[in-house]
Amino acid sequence: MSKPHILMPGRMMDLVVQRLDDAFTLHKLWEAEDQEAAIAAVADKVEGIATGGHRRVDGDFMSRFPNLKIVSNFGVGYDTVDAAWAGKHGIYVTNTPDVLTDEVADTTLGLLLMTVRQLSETERYLRAGRWEKEGAFPLTQNTLRERKVGILGLGRIGKAIAHRLEAFGSPIAYHGRNKQSDVPYRYYDNLVEMARDVDILISVAPGGASTHHLISTDVFNALGPQGVLINVGRGSVVDEQALIAALKEERLFSAGLDVFEHEPKVPAELMAMERVVLLPHVGSASIHTRNLMGQLVVDNITSFFEKGKPLTPVAETPVS
Ligand code: NDP
């Protein structure tokens with residue numbers, strides 16, 4: 001029996017490429033000189049797509065593969081795949097939840113401390129020899145002590161962040177579309193109201209149309225001049241130009257960002273701000289966790305072709 005054909009639009013980590021190559025007929029689209037011709041040559045055969053978000057897997061793209069049955073996405077966020085379109089057309093979309101939750105929560109706490117206590121800036125100060133020449137770094141204006149934290153998106157990762165913050169003794173509130181009955185934290189059905197009541201806003205909400213620019217001027221103004229924004233969710237959730245304006249005008253104290261609107265481009269204005277902490281989307285980026293995510297991309301495809309069902313289909317998928 002011939003192996004099912006899987007298309008990989010952009011190069012993914014070696015583990016995924018090798019394991020899919022071993023078990024399936026893998027078409028490495030990024031290697032083709034003429035990608036349009038390469039797609040046309042295999043369009044009827046392709047039953048699965050493995051994607052790491054290099055290219056949008058939208059309705060137009062998926063409709064070119066009449067026998068497509070599954071799109072396996074690397075990452076828990078799948079905003080580069082039109083899962084609603086796939087769902088309507090009976091195509092499974094899978095992501096890689098849970099295996100990255102603790103890693104991303106750890107990174108978030110690191111970013112939070114770096115931002116609130118200006119740790120990047122203090123290290124730059126030391127490395128520039130300024131400690132020896134100029135004396136101690138000025139005391140930081142901000143602290144995690146006696147500060148309230150609001151979480152936008154209390155899902156898997158949001159809860160793991162909250163759990164860690166409990167150990168820090170931080171009062172926690174959250175905003176999402178739904179109040180959750182099984183958490184002890186205060187719920188706000190309005191993001192601006194929550195921002196008014198907290199000092200630090202951590203965003204770990206997914207990207208996509210429903211969260212686009214959810215965090216903008218009104219939220220920054222509600223957080224206020226001592227307020228801090230941490231974004232580890234998706235860059236599109238934050239209105240970057242409004243953030244730059246709020247920071248410049250000192251309506252917001254600082255920001256710690258792991259994600260940006262137009263990655264890997266980061267606005268020069270943010271780069272120039274000493275106090276702001278900027279990470280190159282490394283929330284889950286350890287070898288340990290990325291291997292687990294890669295294996296889950298493979299396992300979803302394998303499970304679908306062996307058992308008829310993937311392991312971690314997203315909500316929009318037609319689960320039978
Ligand atoms: P979950 O689906 O478990 O949680 C998402 C949360 O967001 C839910 O609590 C949901 O609550 C809330 N949410 C969704 N839509 C909206 C909306 N329109 N308005 C307000 N709240 C909303 O996902 P995970 O916790 O596993 O992952 C969250 C996100 O983190 C991913 O989608 C991804 O974008 C990002 N991420 C970033 C990484 C990095 O490297 N920086 C790594 C991994 C993930 P409700 O349904 O009640 O609204």
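Whatever order the structure lists them in is the order used to number ligands and atoms, beginning at 1.
In the vicinity of Gly176, heavy-atom distances shorter than 4.0 Å reach the ligand 1 atoms 20 (C), 21 (N), 48 (O). Ligand 1 places these atoms under 4.0 Å from at least one heavy atom of Leu154: 9 (O). Shown in contact with Ser284 at under 4.0 Å from a heavy atom are these atoms of ligand 1, numbered in order with element: 40 (O). For ligand 1 and Gly283, the ligand atoms under 4.0 Å from any heavy atom of the residue are 39 (C), 40 (O).
If you look at Asn178 next to ligand 1, the close heavy atoms, those under 4.0 Å, come from the backbone and the side chain alike. Contacts with ligand 1 closer than 4.0 Å are made by side-chain heavy atoms of Asp258 only, the backbone lying farther away.
Between Arg147 and Val198 the shortest side-chain heavy-atom distance does not fall below 4.5 Å. Considering only heavy atoms from C-beta on, Leu20 comes within 4.5 Å of Met8 through its side chain. Contact check for Met194 versus Leu201: side-chain heavy atoms found under the 4.5 Å cut-off. Side chains of Val238 and Phe260 form no contact here, defined as non-hydrogen atoms less than 4.5 Å apart.
In this structure, the side chain of Arg275 engages the main chain of Phe253 through a donor-acceptor pair within 3.5 Å.
In terms of protein heavy-atom proximity, atom 5 (C) of ligand 1 is nearest to Pro206 CD, 3.9 Å. Of the protein's non-hydrogen atoms, the one nearest atom 27 (O) of ligand 1 is Ile157 CD1, 3.4 Å. Here the protein heavy atom with the shortest distance to atom 38 (C) of ligand 1 is Val232 O, 3.7 Å. Residue, atom and distance of the protein heavy atom nearest to atom 4 (O) of ligand 1 are Gly155 CA, 3.3 Å. Considering only non-hydrogen protein atoms, atom 12 (C) of ligand 1 sits nearest to Gly153 CA, 3.7 Å. In this structure, the protein non-hydrogen atom closest to atom 42 (C) of ligand 1 is Val104 CG2, 3.5 Å. The protein heavy atom nearest to atom 18 (N) of ligand 1 is Ser210 OG, 3.0 Å. Protein heavy atom nearest atom 29 (C) of ligand 1, with residue, atom name and distance: Val204 O, 3.5 Å.
A donor and an acceptor atom, one from each side chain of Thr80 and Arg56, are nowhere located under 3.5 Å apart. In this structure, a donor-acceptor pair under 3.5 Å is absent between the side chains of Thr312 and Thr94.
In terms of polar-atom proximity, Leu214 is not counted as a contact of ligand 1, lacking any N or O under 3.5 Å from an N or O of the ligand. For ligand 1, the polar-atom distance check against Val282 finds no nitrogen or oxygen pair separated by under 3.5 Å.
Counting only non-hydrogen atoms, the option in His212, Arg156, Arg177, His175 that gets closest to atom 15 (N) of ligand 1 is Arg177. With distances taken over non-hydrogen atoms, the option nearest atom 33 (C) of ligand 1 out of His281, Met293, Arg234 is Arg234. Closest to atom 31 (C) of ligand 1 by heavy atom, among Ile151, Val76, Leu152, is Val76.
Ring geometry for His89 versus Trp85: interplanar angle under 30°, hence parallel rather than tilted (30 to 60°). Classified by interplanar angle (parallel below 30°, tilted 30° to 60°, perpendicular above 60°), the ring pair His175/Tyr187 is parallel.
The closest approach between a heavy atom of Gly233 and any atom of ligand 1 is below 4.0 Å.
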Tyr174/Tyr188 under ring pair (Phe, Tyr, Trp, His ring centres under 6.0 Å): CA gap, chis, key distance, verdict: CA-CA 6 Å; Tyr174 73 102; Tyr188 286 83; 8.7 Å; no

What verdict does the side-chain hydrogen bond (donor to acceptor under 3.5 Å, both in side chains) test give for Ser284 and Arg290, after you've listed the backbone C-alpha separation in whole Å, the side-chain angles of each residue and the deciding distance to 0.1 Å? CA-CA 7 Å; Ser284 67; Arg290 287 287 170 89; 3.0 Å; yes

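For the side-chain contact (heavy atoms from CB on, under 4.5 Å) with Thr51, the lone residue among Val93, Val57, Val297 that qualifies is Val57.
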